[in-house]
Protein chains: 2
Amino acid sequence: MIKLSSENEKLKFKAEVFKAMGHPLRLGIIEFLRDEEKCVCEIVDFMGTGMSNISKHLSVLKKAGILEDRRDGLKMMYRLIMPCAIEFSSCVEQIVLKRLDKHRSIMVA
Amino acid sequence: MIKLSSENEKLKFKAEVFKAMGHPLRLGIIEFLRDEEKCVCEIVDFMGTGMSNISKHLSVLKKAGILEDRRDGLKMMYRLIMPCAIEFSSCVEQIVLKRLDKHRSIMVA
DNA sequence: TTATTGTTTTACTAAATAACGAAATAGTGA
DNA sequence: TCACTATTTCGTTATTTAGTAAAACAATAA
């Protein structure tokens, strides 16, 4: 069966969102922004890596449509604009924890 | 601020789930399996690429804990075991469509 | 204007990972 | 054994990632 090309286009766009979230540092940023916007400097302090590196990851998330930024004086503030990302992340977390438990009990057995 | 290492471990596991979904072909497989299990041959027919390629992508999804398989005679049947993946995928789709609309209206304006 | 702060971008290196097709290798059942 | 379905391995090519350093940029203060 041949898939419609518009379907493929949609899949590519959607996959880009998942790909953007598929990196520990970027996922950490998303969770850090869960409740309120933060400046780049706060994100750098929290994540513990260089500003230039964080800035690159932020631009990936922005391009994917997951974050938006806004200037506040000298600072750039970033905020989450895809609330379902947090929901899905918690769902994945539950599954991951369950798997880790299972793994642990196999190790013990 | 320094992050706990167990937090980092969890982030890595979760990121793996997102990474697994961050590929058009794999996302297509997930949506194809939305309602019922399918054999590899059906997935190959639907996605339109080689079996060896599909098989590898299936193993990525299985390893991430998104799919499970079961043998039925000669065939291997795959099914989705992470229902929230579908929910999140629809949420992302809505956002992607909105962005495409906006893009289109900018192009027209 | 110049200096300072906060951020982004570009450029480069090096290592790791991912993608795909083709061929070899399982498993299962007749 | 043969046919069928699926997985694995191999080799090539491409992409991703981390990291650092330097330059560019934007807004504010002196």
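Numbers restart at 1 for each chain; the letters A, B, ... are given by sequence-line order, proteins then strands. It should be emphasised that the depicted structure is a prediction, and the values quoted were computed from it without experimental measurement. Values below: every heavy atom of this structure, side chains too, minus hydrogens, waters and symmetry copies.
- Looking at E37(A) and K75(A), no side-chain N of the basic residue comes within less than 4.0 Å of a carboxylate O on the acidic one, giving no salt bridge.
- At the phosphate of dA19(C), OP1 or OP2 sits under 4.0 Å from a side-chain N or O atom of R26(B).
- Between the base of dG21(C) and the side chain of K56(B) there is a donor-acceptor pair shorter than 3.5 Å.
- If you chain together hydrophobic residues whose side chains sit under 4.5 Å apart, M51(B) and I43(B) fall into the same group.
- Contact footprint of chain A on DNA chain D: nucleotides with an atom under 4.0 Å from a non-hydrogen protein atom, first to last in 5' to 3' order, dT16(D) to dT28(D).
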For a quick test of your reading: what N or O donor-acceptor pairs under 3.5 Å do the side chains of residues 56-65 of chain B make, sequence neighbours left out?
{"from": "H57(B)", "atom 1": "ND1", "to": "R26(B)", "atom 2": "NH1", "distance (Å)": "3.0"}
{"from": "H57(B)", "atom 1": "NE2", "to": "N53(B)", "atom 2": "OD1", "distance (Å)": "3.4"}
{"from": "S59(B)", "atom 1": "OG", "to": "K56(B)", "atom 2": "O", "distance (Å)": "2.9"}
{"from": "K62(B)", "atom 1": "NZ", "to": "D69(B)", "atom 2": "OD2", "distance (Å)": "3.0"}

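- Contact annotation: T49(B) side-chain N/O to dG21(C) OP1/OP2 distance is under 4.0 Å.
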Bracket string, DNA chain D, 5' to 3' - pairs by Watson-Crick or G-U geometry under 3.5 Å, | interstrand: ||||||||||||||||||||||||||||||

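- Under the 4.0 Å criterion applied to side-chain N and carboxylate O atoms, E16(B) and K19(B) are not assigned as salt-bridge partners.
- Put simply, NE2 on H23(A) is 12 Å from C1' on dA16(C), counting in whole angstrom units.
- Between the CE atom of M77(B) and the P atom of dT28(C) there is a distance of 16 Å, given to the nearest Å.
- In this structure, D72(B) atom CG and dG27(C) atom P are separated by 18 Å, rounded to whole Å.
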From CA spacing to verdict: salt bridge (Lys or Arg N to Asp or Glu O under 4.0 Å), R70(A), E68(A): CA-CA 7 Å; R70(A) 141 186 110 76; E68(A) 260 180 19; over 6 Å; no

What do the steps show when you test E31(A) against K14(B) for salt bridge (Lys or Arg N to Asp or Glu O under 4.0 Å), and what is the final call? CA-CA 12 Å; E31(A) 298 187 354; K14(B) 283 200 276 181; 2.5 Å; yes

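- Side-chain nitrogen and oxygen atoms of Y78(A) include at least one within less than 4.0 Å of the OP1 or OP2 phosphate oxygen of dT8(C).
- Rounded to whole angstrom, the span from the CE atom of M51(A) across to the C1' atom of dT8(C) amounts to 10 Å.
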Would you check, one step at a time, whether the test salt bridge (Lys or Arg N to Asp or Glu O under 4.0 Å) holds for R79(B) with E36(B)? CA-CA 7 Å; R79(B) 67 180 174 289; E36(B) 49 179 7; over 6 Å; no

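- In this entry the distance linking CZ of R71(B) with P of dG27(C) reads 9 Å, nearest Å.
- Whole-Å rounding puts the K19(B) NZ to dA16(C) P distance at 14 Å.
- Each of G73(B) and G22(B) was assigned the nucleotide of DNA chain C with the nearest heavy atom; the assignment lying further toward the 5' end belongs to G22(B).
- Projected onto DNA chain D by closest heavy-atom contact, S52(A) and D69(B) fall at different nucleotides, the more 5' of which corresponds to D69(B).
- One can place CE of M76(A) at 9 Å from C1' of dT8(C), the figure rounded to the nearest angstrom.
- Between atom CZ of residue F13(A) and atom CD of residue E9(A) there is a gap of 6.0 Å, rounded to the nearest 0.5 Å.
- The distance between atom CD1 of I54(B) and atom P of dA22(C), rounded to the nearest whole Å, is 15 Å.
- Placement of V44(B) and F32(B) within a single hydrophobic cluster is found when ILVMFWY residues are connected by side-chain heavy-atom separations under 4.5 Å, directly or transitively.
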